[in-house]
Undergrad: 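This is the structure I want to talk about, given as structure tokens.
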Number of protein chains: 2
Amino acid sequence: MIDPAIPRLYAYHRALREAQAAGKSTITSEGLAALVGSISSTQIRKDLSALGAQGRRGRGYAINPLVEQLAWVLGLEHDWRIAIVGFGYLGHAFATFITAREARFRIAAIFDRSPAVIGQRWEGIPVRDVADLEAAVREADCNIGVIAVPAAAAQSSAQRLAAAGVRAILNFAPTALRLREPVAVRNIDLAGEMSILTSWLTAAESSREARA
Amino acid sequence: MIDPAIPRLYAYHRALREAQAAGKSTITSEGLAALVGSISSTQIRKDLSALGAQGRRGRGYAINPLVEQLAWVLGLEHDWRIAIVGFGYLGHAFATFITAREARFRIAAIFDRSPAVIGQRWEGIPVRDVADLEAAVREADCNIGVIAVPAAAAQSSAQRLAAAGVRAILNFAPTALRLREPVAVRNIDLAGEMSILTSWLTAAESSREARA
DNA sequence: AAATGTGAAGAGGTTCACAGCG
DNA sequence: CGCTGTGAACCTCTTCACATTT
């Protein structure tokens with residue numbers, strides 16, 4: 001399955017769960033598009049057909065098998081063990097948020113550099129020294145790493161996670177990680193997103209001025 | 001300036017600040033590409049030229065004016081007033097993070113629905129009832145809204161922010177916001193990002209199995 | 001008649017190749 | 001000669017149009 005489709009598949013899954021909860025058992029691409037809100041029915045058909053889904057012409061798609069199929073592709077069935085590197089506000093909030101939101105995500109190890117934080121516990125999990133990262137990540141059998149450290153420390157954190165066998169990283173630091181290992185990386189740059197918004201606002205403002 | 005370039009411009013700005021701090025006064029597109037890490041020098045030249053930057057052939061770009069120009073385009077010079085809707089872990093962490101990270105962002109109003117949270121203070125700012133949103137957002141003159149509420153409440157929060165004159169929204173809820181007003185929206189879907197990672201992991205796993 | 005599945009056209013953005021300038 | 005600036009080729013994903021199936 002192609003990269004940019006994945007977020008859409010995830011959106012379909014969410015929408016289909018809603019439809020399921022509402023007691024529906026079948027849905028058309030058009031109906032799903034309306035539910036999702038920002039994706040065309042054509043796009044949905046292309047995605048589902050690429051996925052090998054079985055739609056019935058004249059009827060639509062059976063929801064239950066579709067949900068299962070999407071769940072499988074998206075890895076929603078497995079449980080995943082997460083290592084958090086950097087336990088400041090961001091790391092802490094992420095841990096709380098993701099475990100509350102989806103039971104399939106478990107925080108399995110937490111690391112920080114600051115002696116003030118090391119040794120504290122969160123939900124019973126001790127915050128360890130990043131110096132012990134490789135061993136502890138291996139021991140805790142983490143699949144996914146979350147980097148919530150300052151930009152300067154992000155690259156080395158990523159390398160150590162990769163060295164410990166982690167093959168997927170969610171990176172909150174505003175840095176392009178470069179890794180030799182084949183690691184899936186998703187970047188979330190909060191300050192960057194805010195800047196995109198402010199650039200739109202200033203652009204809108206100056207075009208208003210230009211018109212005046 | 002075209003949409004998808006903005007995150008890149010932001011990356012350039014960050015890299016140029018580093019170069020500036022390192023005492024450099026001029027840089028080539030090639031050099032900047034190396035610093036940024038994941039963008040080609042051609043792309044950089046295209047972006048900077050579209051921006052109207054003055055490079056000197058044979059020399060490169062003067063850093064100082066370039067940084068100023070980028071700062072202007074990205075709206076880094078103004079201060080911005082933020083309204084946070086939903087003051088759970090996520091809203092709380094975002095407030096702490098963004099104010100610590102960039103002084104130009106000020107939290108100007110905070111809202112929640114829960115009586116347990118309403119009336120609390122954060123850095124002197126009272127958490128108000130969402131019922132008062134429109135009036136309070138206007139009064140506090142907020143430019144940017146941050147939605148950190150459950151998915152079901154996101155759409156109405158967005159509508160009320162838009163009605164109060166907010167023209168830029170950072171949305172943490174996994175919902176496509178639909179607004180009549182011309183509002184810039186950036187979505188950050190943490191659980192979605194995690195699912196993208198898990199889908200890659202399961203795909204990698206099944207291709208390994210297929211090979212075996 | 002209704003809705004899927006899909007080849008072809010289109011759009012948007014990136015890379016190439018090189019002309020142009022300092 | 002070095003590096004910018006840019007038209008053209010390219011590529012990737014999305015939309016269109018319609019043949020196809022129930």
Side-chain angles (χ1 to χ4, degrees), chain A residues 1-12 15-16 19 24-67 69-70 73 176 187 192 196 199-200 203, chain B residues 1-12 15-16 19 24-67 69-70 73 176 184 186-187 192 196 199-200 203:
Chain A
M1 174 70 23
I2 7 113
D3 268 26
I6 302 288
R8 290 199 301 269
L9 298 187
Y10 187 68
Y12 303 159
L16 289 169
K24 296 210 156 204
S25 69
T26 184
I27 196 167
T28 67
S29 60
E30 200 79 43
L32 183 50
L35 229 56
V36 169
S38 55
I39 302 179
S40 72
S41 63
T42 309
Q43 182 69 72
I44 290 177
R45 289 200 300 279
K46 265 257 153 73
D47 287 338
L48 295 186
S49 121
L51 203 135
Q54 295 298 319
R56 287 174 57 187
R57 304 179 192 227
R59 293 304 189 90
Y61 300 85
I63 293 182
N64 289 356
L66 198 47
V67 167
Q69 201 164 5
L70 287 167
V73 171
N187 297 293
I196 292 170
S199 80
W200 276 341
Chain B
M1 175 70 22
I2 7 113
D3 268 24
I6 302 288
R8 289 200 301 267
L9 298 187
Y10 188 67
Y12 303 160
L16 289 169
K24 296 210 156 201
S25 69
T26 184
I27 195 167
T28 67
S29 60
E30 201 78 43
L32 184 50
L35 229 55
V36 170
S38 55
I39 301 179
S40 73
S41 62
T42 308
Q43 182 69 72
I44 290 177
R45 289 201 299 280
K46 265 256 153 75
D47 287 338
L48 295 187
S49 122
L51 203 135
Q54 293 299 320
R56 287 173 57 187
R57 303 178 193 230
R59 293 303 189 88
Y61 300 85
I63 293 182
N64 289 356
L66 198 48
V67 168
Q69 202 165 7
L70 287 168
V73 172
R186 296 292 295 182
N187 298 293
I196 293 171
S199 80
W200 276 340

Undergrad: What is the distance, to the nearest angstrom, from the CG atom on A:L51 to the P atom on C:dT4?
TA: 15 Å
Undergrad: If you compare every side-chain N and O of A:Y61 against the phosphate oxygens of C:dA2 (OP1, OP2), does one of them come in below 4.0 Å?
TA: no
Undergrad: To the nearest angstrom, how far is A:I44 atom CD1 from C:dA3 atom P?
TA: 14 Å
Undergrad: Not counting sequence neighbours, which residues clear side-chain hydrogen bond (donor to acceptor under 3.5 Å, both in side chains) with B:Q43? List them please.
TA: B:D47
Undergrad: Taking atom P of C:dA2 as reference, at what distance in whole Å does atom CG of A:L32 sit?
TA: 20 Å
Undergrad: Got a second to check how far A:L51's CG is from A:Q69's CD, nearest 0.5 Å?
TA: 5.0 Å
Undergrad: Got a sec, which residues hit side-chain contact (heavy atoms from CB on, under 4.5 Å) with B:S49, two or more places apart in sequence or on another chain?
TA: none
Undergrad: B:L9 CG to C:dG13 C1': how many Å, rounded?
TA: 14 Å
Undergrad: Looking across every strand, which nucleic acid part, if any, lies under 4.0 Å from A:S29 by heavy atom: base, sugar-phosphate, or nothing?
TA: sugar-phosphate
Undergrad: One character per nucleotide, please: for nucleotides 15-22 of chain D, 5' to 3', B when the base has a protein heavy atom closer than 4.0 Å, S when only the sugar-phosphate does, - otherwise.
TA: BBB--BBB
Undergrad: Consider the side chain of A:T28, meaning its heavy atoms from C-beta on, and name the nucleotide among C:dT4, C:dG5, D:dT4 that approaches it most closely.
TA: C:dT4
Undergrad: What is the separation between atom CG on B:D47 and atom C1' on C:dT15, rounded to the nearest whole Å?
TA: 13 Å
Undergrad: Taking atom P of C:dA1 as reference, at what distance in whole Å does atom CD of A:E30 sit?
TA: 18 Å
Undergrad: Specify the separation, in whole Å, of atom CD1 of A:I63 and atom P of C:dA3.
TA: 14 Å
Undergrad: For the pair made of CG in A:L48 and P in C:dA3, what is the distance, rounded to whole Å?
TA: 15 Å
